[in-house]
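Remarks on the structure that follows.
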Number of protein chains: 2
Amino acid sequence: MEPVNLKRLAQELKLSVATVSRALNNSSSTSPATKARVVAMASKLKYEPNPHASSLRRHTSKTIGVILPEVANPFFSLVVNGIEEVARDQNYHVLLYLTHDNYEREVAITRLLVGGRIDGVLMSVASASQDFTHLDLLRERNIPTVFFDRVYDGLHTAQVTTDNCDSSYAATGHLIDNGCRTIAHLAVSNSLYIGRARTRGYAAALHDNRIPFDDELVRYAQPSQRQDVAMIQGLLQRRPDIDGIFASVESLAMSSYEACQNLGLSIVTAIKIIAFSNLEIATFLSPPLTTITNQRTLWAKPPPGYCLTQSWKTRRFQPATAWN
Amino acid sequence: MEPVNLKRLAQELKLSVATVSRALNNSSSTSPATKARVVAMASKLKYEPNPHASSLRRHTSKTIGVILPEVANPFFSLVVNGIEEVARDQNYHVLLYLTHDNYEREVAITRLLVGGRIDGVLMSVASASQDFTHLDLLRERNIPTVFFDRVYDGLHTAQVTTDNCDSSYAATGHLIDNGCRTIAHLAVSNSLYIGRARTRGYAAALHDNRIPFDDELVRYAQPSQRQDVAMIQGLLQRRPDIDGIFASVESLAMSSYEACQNLGLSIVTAIKIIAFSNLEIATFLSPPLTTITNQRTLWAKPPPGYCLTQSWKTRRFQPATAWN
DNA sequence: TTGAAAGCGGTACCAG
DNA sequence: CTGGTACCGCTTTCAA
């Protein structure tokens, strides 16, 4: 079975491969007549160009690498949706890699990408990362890189991020306004900018309301959801005075729900919970979860060094059981 | 700036590219000494092979294409997680394409993949698809294809699917056991095997319980969530005797919640809902949603033509408000 | 407007 | 065990 490639088309049409190639790329200087013949034959034989040959020759692959911690998370799946959508519109392809917040994986994946496989990288750094030298490789090889959400501020590139500090300040303030005085902060790694910014907003809100910052109330995400639940239960048992929880990511809010349920603590009356989240169904949760939601995921092309800021807003749900 | 490729390594080491290539692929016949030198130099210069050159020559790309309707869906994100995981373990790469249940997109994507970009395809067919000729292209070009969940049974390949018919029978039976007599079935396209199987189970359960099958009670998913809600509201208004809903996909369950809320209908007392779903938080929904959940996502290598069946089970939640 | 040919970066065959 | 070389499929000069 003859493969369908340029040579085959050329033979079939008694033309040279060069002409066929030009005709298909509607480049300059090809007579309309031959162009039509070529296109007709291509579609007849269902010709599809071999992208590897083309990438090799052109030094561009029309492919972007997307590196994420995970995809089973409403925020990241929204992101993947957005990326895939504009990529497809621009005739780009998306290579997806998941780190599962594992540093070694992130390093290994980064290394894979510098061989010319992709034209650019979109990345949300693993929360377990402390050392970012692997990312410098991207710069050395001149691979355009955009960080989003979980940003690495060491590399001087475009970033897509949110006003984490302000939103956290607002969220914590919201709990305080509703009577909370001992507020636990469930954070992600503080080696990441996003984590530090959210914690900063939390601390600032406490400070401005003359509530002392208590180190014991700040806890970090564990490797697994099960451990998160255990950690939160432990915290709530040690500190029965806790009356509010500010979860900086959605999964920690879910774990808090579970911990409260296990301990027989009533959410809303005993403890109020607020979280960064994109859960569409937050309103149907029992009780409804108050969330800080980013309004939409933007995908623009900011000039290098430019930081695109998304705004988040606190979404208040009005079902009967809501406390706000 | 010199590019780091085999030629560069060869120059640096005063060896031929052939030798360097062999050393790096630890193929036979390379002296341990030179091999060590080559590897050392490669890591010193941070050499990464150009995958396009390799793919071009070898006619394999170590890349698989994954075509899904969407990723913002707990089941599919679980699937993507699984695929990426084993792909990475086997040193394979994952190209992700989303159809958004759009037939034209699915056709366009399929066409893109037959040019040698990928070694194989994993696919869950768009529910809007009625014509599957585009999939025959995959067979013509000898591209291994595995369908999962939404299966196309016209192409004779490996499939990963679930015992849809049995589960639907059980789900419908569950509603009947709990007193429902007029059960609406919210289905996906019936041009898909999965849709037909689920409807078959529904119909069988009705039959075995001497409940007449009513065509008006079977409704299909609309292009958008908003339209789903409108469709369900319309149905519930036209047929106030409906006391149960069997949603064959999760989003239809969510839309049903919304429709009931809009109409002021009490879920559980007025209408009971059951659905195929992988929502982790189903238990926290208000009221908790009864789900048919697939126990785990399997990724094995079934021989061609073999159909791997996953088992689903009905998960019963015990919170106070649950009706089951 | 078209064709011949070089070459992208590896791989694999064959000779030494 | 190593080097020379053809070639994978396509793009892009350069000449005709």
Side-chain angles (χ1 to χ4, degrees), chain A residues 1-39 41-42 45-63 91 112-119 141, chain B residues 1-39 41-42 45-63 91 112-119 141:
Chain A
M1 196 181 71
E2 288 272 325
V4 182
N5 52 25
L6 283 191
K7 197 201 281 183
R8 170 84 187 284
L9 288 183
Q11 285 171 353
E12 215 78 39
L13 293 160
K14 299 194 198 311
L15 284 172
S16 73
V17 284
T19 308
V20 176
S21 172
R22 273 188 299 248
L24 291 173
N25 292 297
N26 43 305
S27 90
S28 55
S29 64
T30 326
S31 85
T34 50
K35 189 163 158 182
R37 280 182 62 220
V38 170
V39 170
M41 180 59 77
L45 298 185
K46 294 173 191 160
Y47 167 77
E48 277 300 323
N50 181 319
H52 301 114
S54 167
S55 300
L56 178 58
R57 183 61 227 254
R58 291 187 137 134
H59 296 288
T60 56
S61 56
K62 288 235 167 218
T63 303
N91 247 298
L112 278 175
L113 297 189
V114 302
R117 189 182 297 273
I118 43 79
D119 294 348
R141 299 291 160 95
Chain B
M1 197 182 72
E2 288 271 324
V4 183
N5 52 24
L6 281 191
K7 197 199 280 181
R8 170 85 186 284
L9 287 183
Q11 284 171 353
E12 215 80 39
L13 293 160
K14 298 192 198 313
L15 284 170
S16 73
V17 285
T19 308
V20 176
S21 172
R22 273 187 301 247
L24 291 173
N25 292 297
N26 43 304
S27 87
S28 55
S29 64
T30 328
S31 86
T34 49
K35 189 165 158 181
R37 281 180 62 218
V38 170
V39 170
M41 180 60 77
L45 297 185
K46 293 171 188 161
Y47 168 77
E48 277 299 324
N50 182 319
H52 300 116
S54 168
S55 300
L56 178 57
R57 184 61 228 248
R58 291 188 137 134
H59 296 288
T60 57
S61 56
K62 289 232 163 220
T63 303
N91 248 297
L112 279 174
L113 297 188
V114 303
R117 190 182 297 273
I118 42 80
D119 294 349
R141 298 290 159 96

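Protein chains get the first letters and strands the later ones, always in sequence-line order, with residue 1 at the start of each. Just so it is clear, the model here is predicted, and its values are computed rather than measured.
Between B/L9 atom CG and D/dT2 atom P there is a gap of 15 Å when expressed in whole angstrom units. Distance, B/K62 NZ to C/dG10 C1': 16 Å, rounded to whole Å. Computed from coordinates, the B/R57 CZ to C/dC13 P distance equals 8 Å when rounded to whole Å. One interatomic measurement links the two molecules: CG of B/L6 to P of C/dA12, which rounds to 12 Å at whole-angstrom precision. What separates NZ of B/K14 from P of D/dG4 is a distance of 14 Å, to the nearest Å. One can place CG of A/L13 at 10 Å from P of C/dG3, the figure rounded to the nearest angstrom. For the pair B/H52 NE2 and C/dT11 P, the interatomic distance rounds to 14 Å; values are reported in whole Å. When the C1' atom of C/dG9 is taken as reference, atom CZ of A/R117 falls 14 Å away, rounded to whole Å.
As judged by a 4.0 angstrom heavy-atom cut-off over every strand, A/P3 is placed among residues making no nucleic acid contact. Contact annotation for B/T30: backbone-only contact, meaning every heavy-atom pair under 4.0 Å involves sugar-phosphate atoms and none involves a base. Residue A/T34 is classed as a sugar-phosphate contact, given heavy-atom separations below 4.0 Å to backbone atoms only.
Mapping B/N5 and A/T19 onto DNA chain C by nearest heavy atom places A/T19 closer to the 5' end of the strand. With the nearest nucleotide of DNA chain D identified for both B/P32 and B/R58, B/P32 has the one nearer the 5' end. Comparing B/S31 and B/A53 by the nucleotide of DNA chain D that holds the closest heavy atom to each, the one mapping nearer the 5' end is B/S31. Heavy-atom nearest nucleotides on DNA chain C were determined for B/K7 and for B/A18, and the one closer to the 5' end corresponds to B/K7.
Considering only side-chain N and O atoms, B/N25 lies under 4.0 angstrom from the phosphate OP1 or OP2 of C/dT11. Distances shorter than 4.0 Å separate none of the side-chain N or O atoms of B/Y47 from OP1 or OP2 on C/dG9.
When the nucleotides D/dC10, D/dG9, D/dG4 are ranked by their closest atom to the side chain of B/S16, D/dG4 comes out on top. The listed nucleotides are D/dG9, C/dT11, D/dC1; the one nearest the side chain of B/H59 is D/dG9. Of the candidates C/dG9, C/dT2, D/dC10, the closest approach to any side-chain atom of B/N50 belongs to C/dG9. Distances from the side chain of B/L15 to the nucleotides D/dG3, C/dG10, C/dC8 place D/dG3 closest.
With contacts defined as side-chain heavy-atom distances shorter than 4.5 Å, the pair A/L113/A/R141 does not qualify. Side-chain contact between A/R8 and A/L45: present, with at least one pair of heavy atoms (C-beta onward) separated by less than 4.5 Å. Counting only heavy atoms from C-beta outward, the side chains of B/T63 and A/H52 never approach each other to under 4.5 Å.
Counting distance only, with no hydrogens placed and no angle test, the side-chain atoms of B/R22 and the base atoms of C/dG10 include no donor-acceptor pair under 3.5 Å.
Looking only at distances, a side-chain donor or acceptor of B/S55 sits under 3.5 Å from a matching main-chain atom of B/P51.
Within 6.0 Å of NZ in B/K62 there are more than 12 heavy atoms belonging to other residues, nucleotides or ligands.
Here the rule is side chain to side chain contact (heavy atoms under 4.5 Å, CB included) with A/L6, and of A/V38, A/L24, A/L15, A/T19 only A/L24 fits it.
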